[in-house]
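One structure below.
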Amino acid sequence: MQIGLVGLGKMGGSMRERIRAAGHTVVGYDTDPGLSDVGHLSDLVGRLDGPRAVWVMVPAGATTQHVIDQLGSLLKPGDTVVDGGNSRWTDDEKHARELGARGIGFVDAGVSGGVWGLEHGYALMVGGDEEHVQRLEPIFEALKPDGPYGYVHAGGVGAGHFAKMVHNGIEYAMMQAYAEGWELLEKVDSVDNVREVFRSWQAGTVIRSWLLDLAVDALDEDAHLEKLRGYAEDSGEGRWTVEAAIDNAVPLPAITASLFARFSSRQEDSPQMKMVAALRKQFGGHTVASADRPGPVAPGSTVPPGSPGSPDGA
């Protein structure tokens, strides 16, 4: 199958490689000419046979809107656009209406996997009409992890991004719980090997998880997280999750508290936020703040630090 891919940053570039490894043709476009297969978005569209499919993997909000507006004028009836960034589900409904008026299909895809997706695969939560989703299934199968799980058609337009939003809200709360436990262990005099306590939890306990594994990796790099400042951004999806909970009268005390804890990290050097920052760097390659610098230090990404729609941006 042929597909266009717009946005070749931390996740988009790896997705291009994984799709190609499955035998599909990918034409990639990025504003960085060193990453791009073509010089312009119009060149990408011209390289694809109809009916075309173009996957958008850029920050949510104005950037996604700009790309979709451009594609709406370049594509033809019968083509399909996939938004794989972390867009708000209400934006999906708007994009589907705008593209649908031109006869262009729209699919929203929540994508999780971060910097590890190339090796392990990406979990995909997809929303849209059955006919549009079915057409993209060869690409979804190429991206998902091996085995029976990791891909779901969650429902109509917006359902994929709504599911991914809730996923990231749960992630907020899980990271916060590990961070609070780590700070308490570090605080008491009786425990003198916190890193190995975390490591011991990796087998045989009910709290073992990939996040726990990543926490151990972070502690192996910096046993007391002394190189980090206790500062953590939020991707925007935690806020949207809390807002949706309010709109639907669903109590989310743990997720809400974890979001507020990130706000507190910007007011003081929070020990808990050192662990949250370390975990975000481990699973998503997110920016961190050095202990001797006042703000985030970008590791060299096409997505700006703290962008609301940076993929897998928990």
Side-chain angles (χ1 to χ4, degrees), residues 9-11 59-61 85-86 88 112-116 164-187 194-195 198 207 209-243 245 252-301 303-314:
K10 289 181 295 185
M11 287 183 69
N86 277 343
R88 189 181 173 98
S112 182
V115 297
W116 298 93
K164 177 58 165 38
M165 177 195 74
V166 174
H167 164 280
N168 280 20
I170 293 170
E171 193 176 286
Y172 272 54
M174 290 176 66
M175 285 194 286
Q176 185 65 25
Y178 284 126
E180 291 175 7
W182 172 80
E183 182 180 2
L184 181 57
L185 287 167
E186 283 278 331
K187 187 74 172 180
V194 175
R195 178 179 61 188
F198 262 58
I207 64 167
S209 71
W210 187 39
L211 276 177
L212 178 61
D213 296 341
L214 295 175
V216 172
D217 290 344
L219 294 172
D220 282 339
E221 294 176 8
D222 182 3
H224 302 286
L225 303 183
E226 294 169 328
K227 299 175 183 177
L228 299 178
R229 189 163 72 90
Y231 179 104
E233 288 282 0
D234 66 285
S235 66
E237 290 196 287
R239 301 185 190 209
W240 300 342
T241 305
V242 172
E243 290 169 2
L252 299 185
I255 292 173
T256 303
S258 66
L259 174 64
F260 289 170
R262 294 203 186 183
F263 296 162
S264 71
S265 81
R266 299 161 207 173
Q267 299 170 355
E268 59 181 311
D269 190 18
S270 165
Q272 293 173 18
M273 287 303 130
K274 290 186 177 185
M275 174 58 78
V276 171
L279 283 169
R280 295 180 83 240
K281 179 183 177 184
Q282 289 290 322
F283 74 75
H286 294 288
T287 57
V288 295
S290 173
D292 58 359
R293 293 194 183 188
V297 179
S301 166
V303 179
S307 294
S310 53
D312 223 47

Given side chain to side chain contact (heavy atoms under 4.5 Å, CB included), test M275 with L219 step by step and report yes or no. CA-CA 9 Å; M275 174 58 78; L219 294 172; 4.1 Å; yes
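- R88 and E243 are joined by a salt bridge, as a carboxylate oxygen and a charged side-chain nitrogen come within less than 4.0 angstrom of each other.
- A donor atom on one side chain and an acceptor atom on the other are not found under 3.5 Å apart for Y172 and T241.
- For the pair A179 and V276, the tightest heavy-atom approach, listed with the atom from each and the gap, is CB-CG2, 3.9 Å.
- Taken from OG in S112 to NE2 in H167, the straight-line distance is 3.5 Å, to the nearest 0.5 Å.
- Between W210 and F283, the two ring planes are tilted [angle within 30° to 60°].
- Counting heavy atoms from C-beta on, the side chains of Q176 and M273 come closer than 4.5 Å.
- Annotation for A232 and S265: closest pair N-OG, 3.1 Å, computed over non-hydrogen atoms.
- Of all heavy-atom pairs between I170 and I255, the closest is N-CD1, 3.8 Å.
- The closest donor-acceptor contact from the side chain of R195 to the backbone of A223 lies at 3.5 Å or more, if one exists at all.
- For Q282, the side-chain contact (heavy atoms from CB on, under 4.5 Å) partners at least two apart in sequence or on another chain are L214, D217, A218, E221.
- Every residue meeting the side-chain contact (heavy atoms from CB on, under 4.5 Å) condition with V194, not counting sequence neighbours, appears here in chain and number order: W182, L185, E186, V191, F198.
- Annotation for A278 and L225: closest pair CB-CD2, 4.1 Å, computed over non-hydrogen atoms.
- Not counting sequence neighbours, the partners of F260 by the side-chain contact (heavy atoms from CB on, under 4.5 Å) test are T256, F263.
- The shortest side-chain heavy-atom distance between M175 and R262 falls under the 4.5 Å cut-off.
- Closest heavy-atom contact between Y178 and L212: OH-CB, 3.7 Å.
- Closest heavy-atom contact between D234 and R239: OD2-NE, 2.8 Å.
- In this structure, the side chain of N168 does not engage the main chain of E237 through any donor-acceptor pair within 3.5 Å.
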